[in-house]
Chemist: 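Here it is, the structure, as structure tokens.
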Amino acid sequence: MSNLPELEPKSVTNPPVATIASLAAHVGDTVTLRGWLYNIRSSGKLLFPSFRDGTGTIQGIVPKAAVSEEVFERVKSLTQESSIIVTGRVRADARAPSGFELDVENLEIVQLVPESAPYPITPKEHGTDFLMEHRHLWVRTPRQSSILRIRATIMRAAQEYFDTNGFVRTDPPILTPAACEGTSTLFELDYFGDPAFLTQSGQLYMEATALALGKVYSFGPTFRAEKSKTRRHLTEFWMIEPEVAFMDLEGDMDLAEAFLIHIVSRVLELHRADLNVIGRDIAKLEAVIAPSNQSVILSEATAGSESKDPDASKPSDTAQSLSAAKVEGAEGASAARSAFPRLSYDEAHAMLESAFKDGKLEAPHIYGDDLGSPDETYLSSQFDKPVMIHRYPAASKAFYMQPDPLDPTKALCVDVLAPEGYGEIIGGSQRVDSYDLLKARILEHGLPLSAFEWYLDLRRYGSVPHSGFGMGIERAVAWICGLDHVRETIPFARTLNRIYP
RNA sequence: UCCUGAGUAGCUCAAUGGCAGAGCAUUCGGCUGUUAACCGAAGGGUUGUAGGUUCGAGUCCUACCUCAGGAGCCA
């Protein structure tokens with residue numbers, strides 16, 4: 001803005017003496033904070049301005065008798081979200097919301113929000129449409145800031161897990177010549193006269209780099225143009241996708257489990273305060289990483305269905321021969337093993353059948369169909385850890401998934417459903433490694449062979465069994481933070497009806 | 001794409017077919033421990049848009065627009 005006041009040079013060049021998050025270590029000290037006015041209350045000759053600086057909030061106190069008339073009037077004139085530089089002494093005080101209070105000695109206004117056009121987001125309630133329209137300001141509120149801090153840790157922990165376990169990050173292109181899976185609706189754009197698309201998954205490219213480097217992962221934005229309008233969908237979202245050569249489906253599941261445990265552990269380690277700000281039930285997250293003998297199976301149906309089809313969860317012959325690779329792929333898994341429940345599709349179907357009979361589901365699950373959202377919600381609500389559903393009917397799954405050698409009508413795939421009804425956060429599979437089968441699958445799905453010649457090359461030259469998965473960051477953040485909508489998990493959500501701001 | 005619901009003050013919401021209302025925000029006044037402070041006063045409206053029914057429409061009818069969350073699909 002053009003009406004910014006001149007700053008004292010020292011204010012610009014001196015770093016803040018303290019951040020609000022670090023004030024516990026500065027009790028008794030006089031410090032300088034740089035930030036914004038969050039809210040102000042007054043009681044006659046006493047002012048209670050609350051400041052925020054991005055790391056937290058603290059209540060200041062300004063008795064009229066304690067400061068100059070000029071400073072008192074300046075603080076009194078402050079409007080919500082005016083930017084300030086404030087100096088004062090830190091004092092522990094049980095009456096303050098955070099337990100600490102700042103005895104204000106001096107305050108400089110950097111920019112005063114005009115009274116004629118006050119800050120639109122008040123400390124009172126607002127509707128989601130209004131808040132999304134003001135997302136650029138909404139991110140300033142303590143709750144939204146806490147969510148974004150946790151998101152950053154989840155992203156860092158996810159990369160950290162792969163970086164410290166021998167994976168090489170190889171990011172696939174975002175502009176692609178054709179649909180990766182041939183199923184989703186993609187955003188189309190003009191590429192110098194030719195059609196091109198924004199990527200919906202880097203997986204096919206990750207298979208190429210996995211066969212070059214062994215263990216790889218990618219991390220970046222993906223795009224889906226489907227007209228999905230639910231609390232679980234964004235049109236632009238971030239996905240992290242590992243891919244490992246010589247790893248089978250069982251190894252893939254071990255990897256996903258160790259990966260999730262690492263992420264949840266990091267959040268619990270670093271973000272107790274933020275989780276409290278957003279009101280998350282921390283015990284639910286602790287249950288996820290608790291040792292398996294403390295895992296609670298909430299449903300009788302599970303115990304019953306596990307004995308029905310013992311073969312379904314047995315590793316295939318291929319898997320057994322690859323057991324060394326499986327351990328290699330999921331290093332660290334055994335150290336932090338919490339044993340997420342694993343159900344075959346058949347076992348899950350049995351659970352859904354009995355749930356429907358007991359009136360816990362409105363619609364019956366039809367054997368052979370993919371799981372619907374209500375089905376997933378029911379299944380995940382039966383466990384206090386993420387649940388893995390594996391070996392779905394091949395007909396309902398993508399063309400590149402390896403058939404189960406014990407039952408070729410099933411695909412060697414896995415969906416990980418987050419607890420508390422948060423739905424699918426991970427989808428993975430062992431990939432078809434036979435040239436002939438892959439070619440047949442591409443043709444069966446009506447996909448243009450020419451676009452997949454490079455992908456078929458991966459089976460012509462040194463094909464090996466390999467597996468991987470993709471985790472949607474925003475769904476993981478929504479689950480870990482206990483949010484009811486993914487739009488709060490990303491700084492600027494892109495949804496079916498919103499591309500502003 | 002389908003189903004359901006909602007659009008009234010800057011914000012959150014009221015208003016049997018019969019005078020357009022409240023709280024918060026803003027402005028003014030009061031208060032030396034406030035906790036989304038409180039108390040008093042003031043300003044603030046083309047009821048999403050276009051038609052229709054009616055003596056009279058925020059309210060009923062039709063179409064459209066915008067948004068929401070559910071299905072499908074997915075992470």
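The model shown is predicted, which means the values in this text are computed figures rather than measured ones. Just so it is clear: chains get the letters A, B, ... in the order the sequence lines come, proteins before strands, and each one is counted from 1.
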Chemist: Mind checking A:Leu234 for me? I need base, sugar-phosphate or nothing, with any heavy atom below 4.0 Å counting as a touch.
Modeler: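 Answer is base: heavy atoms of A:Leu234 come under 4.0 Å of a base.
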Chemist: May I have the distance from A:His134 (atom NE2) to B:rC11 (atom C1'), rounded to whole angstrom?
Modeler: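 It works out to 10 Å between those atoms.
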Chemist: What string of B, S and - do you get for nucleotides 28-33 of chain B 5' to 3' if you count protein non-hydrogen atoms under 4.0 Å?
Modeler: ---BBB
Chemist: Taking the minimum atom-to-atom distance to the side chain of A:Arg41, which one of B:rU34, B:rC74, B:rA36 wins?
Modeler: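 Of all the options, the side chain of A:Arg41 is nearest to B:rU34.
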Chemist: How many whole angstroms separate atom NZ of A:Lys124 from atom P of B:rA22?
Modeler: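 Distance check: A:Lys124 NZ to B:rA22 P gives 17 Å.
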Chemist: Test salt bridge (charged side-chain N to carboxylate O under 4.0 Å, His left out) on A:Arg143 and A:Glu488; report intermediate values, then the result.
Modeler: CA-CA 10 Å; A:Arg143 177 183 167 84; A:Glu488 290 183 55; 3.6 Å; yes
Chemist: More than 12 heavy atoms of other residues, nucleotides or ligands under 6.0 Å from CD of A:Glu444: yes or no?
Modeler: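 Yes, the 6.0 Å shell around CD holds more than 12 heavy atoms from other groups.
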Chemist: Suppose you measure atom C1' in B:rC64 against the same atom in B:rA20; what distance do you get, rounded to whole Å?
Modeler: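 Taking atom C1' in both B:rC64 and B:rA20, they lie 26 Å apart.
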Chemist: I need the NZ-C1' distance between A:Lys227 and B:rG69, as an integer number of Å.
Modeler: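 Atom-to-atom, A:Lys227 to B:rG69, this comes out as 17 Å.
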Chemist: At under 4.0 Å between heavy atoms, what does A:Arg231 touch on the DNA or RNA strands: base, sugar-phosphate, or nothing?
Modeler: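 A:Arg231: backbone/sugar contact only, no base atoms under 4.0 Å.
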Chemist: Between B:rC13 atom P and A:Phe130 atom CZ, what is the distance in whole Å?
Modeler: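 Between P of B:rC13 and CZ of A:Phe130: 12 Å.
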Chemist: Distance criterion of 3.5 Å, no angle test: do you see the side chain of A:His233 paired donor-to-acceptor with the base of B:rC74?
Modeler: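 By the distance-only test, yes, there is a pair.
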Chemist: With respect to the phosphate group of B:rA68, does any side-chain polar atom (N or O) of A:Asn497 fall under 4.0 Å of OP1 or OP2?
Modeler: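 Looking at the OP1 and OP2 atoms of B:rA68, one of them is under 4.0 Å from a side-chain N or O of A:Asn497.
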Chemist: Take atom P in B:rC11 and the same atom in B:rC28, then report the distance between them in whole Å.
Modeler: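 That atom pair is separated by 23 Å.
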Chemist: Can you see which heavy atom on A:Gly202 is nearest to which on A:Glu241, and at what distance?
Modeler: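 For A:Gly202 versus A:Glu241, the nearest heavy atoms are N-OE1, 3.0 Å.
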Chemist: Could you state the interatomic distance from NZ (A:Lys360) to OH (A:Tyr378), rounded to the nearest 0.5 Å?
Modeler: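 OH of A:Tyr378 is found 4.5 Å from NZ of A:Lys360.
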Chemist: Taking for each residue the nucleotide of RNA chain B with the nearest heavy atom, is it A:Phe237 or A:Ile40 whose nucleotide lies nearer the 5' end?
Modeler: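 Looking at the nearest nucleotide for each, A:Ile40 comes out on the 5' side.
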Chemist: Roughly how many Å apart are B:rU26 and B:rG43, using the C1' atom of each and rounding to a whole number?
Modeler: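 Pairwise C1' distance, B:rG43 against B:rU26, rounds to 9 Å.
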Chemist: Using the C1' atom on both, measure B:rG58 against B:rG21 and round to a whole Å.
Modeler: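 Result for the C1' pair: 12 Å, nearest Å.
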Chemist: Which stems does RNA chain B form, counting runs of 3 or more consecutive Watson-Crick or G-U wobble pairs with both distances under 3.5 Å?
Modeler: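 So the stems come out as B:1-7 with B:65-71, B:10-13 with B:21-24, B:26-30 with B:38-42, B:48-52 with B:60-64.
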Chemist: For B:rG52 and B:rG40, measure between their P atoms and round to the nearest Å.
Modeler: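 The answer is 47 Å between these two P atoms.
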Chemist: Between A:Tyr345 and A:Tyr392, what is the ring plane arrangement, given parallel below 30°, perpendicular above 60°, and tilted in between?
Modeler: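 The rings of A:Tyr345 and A:Tyr392 sit tilted, inter-plane angle from 30° to 60°.
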Chemist: Name the nucleic acid region contacted by A:Met239, choosing base, sugar-phosphate or nothing; use a 4.0 angstrom heavy-atom cut-off, strictly under.
Modeler: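 Sugar-phosphate, backbone atoms only, no base.
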Chemist: Figure out the CG/P separation between A:Leu37 and B:rA25, and round it to whole Å.
Modeler: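 Taking CG of A:Leu37 and P of B:rA25, I get 14 Å after rounding.
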Chemist: Under 3.5 Å, is there any donor-acceptor pair linking the side chain of A:Ser228 to the base of B:rC74?
Modeler: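 No pair found.
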Chemist: Specify the closest pair of heavy atoms between A:His262 and A:Ala157, including all atoms of both residues, with the distance to one decimal.
Modeler: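 In terms of heavy atoms, the two residues are closest at CD2-O, 3.2 Å.
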Chemist: Does B:rA75 have its OP1 or OP2 closer than 4.0 Å to a side-chain nitrogen or oxygen of A:Arg232?
Modeler: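 So the side-chain polar atoms of A:Arg232 never come under 4.0 Å of the phosphate oxygens OP1 or OP2 of B:rA75.
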Chemist: I'd like the C1' distance from B:rG44 over to B:rU8, given in whole Å.
Modeler: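 So the two C1' atoms sit 14 Å from each other.
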Chemist: Write down the distance separating the C1' atoms in B:rC38 and B:rC24, rounded off to the nearest Å.
Modeler: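 These two C1' atoms come out 13 Å apart once rounded.
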Chemist: Rounding to a whole Å, what distance do you find between A:Leu78:CG and B:rA25:P?
Modeler: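 After rounding, the gap between these two atoms is 16 Å.
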Chemist: What about the rings of A:Tyr119 and A:His134, do their centers lie closer together than 6.0 Å?
Modeler: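 Judged by ring-centre distance (under 6.0 Å), A:Tyr119 and A:His134 do not meet the cut-off.
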Chemist: Across the strands shown, which category fits A:Ser373 at heavy-atom distances under 4.0 angstrom: base, sugar-phosphate, nothing?
Modeler: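 A:Ser373: base contact, heavy atoms under 4.0 Å.
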Chemist: What integer number of Å spans the P atoms of B:rC65 and B:rA75?
Modeler: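 Each nucleotide's P atom is 32 Å from the other's.
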Chemist: Which is more 5' along RNA chain B, the nucleotide nearest A:Thr122 or the one nearest A:Leu371? Just name the residue.
Modeler: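 So the residue in question is A:Thr122.
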Chemist: Roughly how many Å is it from CD in A:Glu133 to P in B:rA68, rounded to a whole number?
Modeler: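 These atoms are roughly 10 Å apart.
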Chemist: Determine whether the aromatic ring centres of residues A:Phe259 and A:Phe469 are separated by less than 6.0 angstrom.
Modeler: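 Between A:Phe469 and A:Phe259, the centre distance is under 6.0 Å.
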Chemist: What is the distance from NZ of A:Lys229 to P of B:rG70, rounded to the nearest Å?
Modeler: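 Going from A:Lys229 (NZ) to B:rG70 (P), I get 12 Å.
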Chemist: For residues A:Phe167 and A:Tyr161, establish whether the separation of their ring centroids is below 6.0 Å.
Modeler: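 Between A:Phe167 and A:Tyr161, the centre distance exceeds or equals 6.0 Å.
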Chemist: Whether the A:Arg232 and A:Ser373 side chains hold a donor-acceptor pair (N or O, under 3.5 Å, no angle test) is what I'd like checked.
Modeler: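 Looking only at side-chain atoms, A:Ser373 and A:Arg232 do form a donor-acceptor pair, the distance falling under 3.5 Å.
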Chemist: Is the A:Phe197 to A:Phe223 ring centre distance short of 6.0 Å?
Modeler: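 Centroid distance A:Phe197-A:Phe223: not below 6.0 Å, so no.
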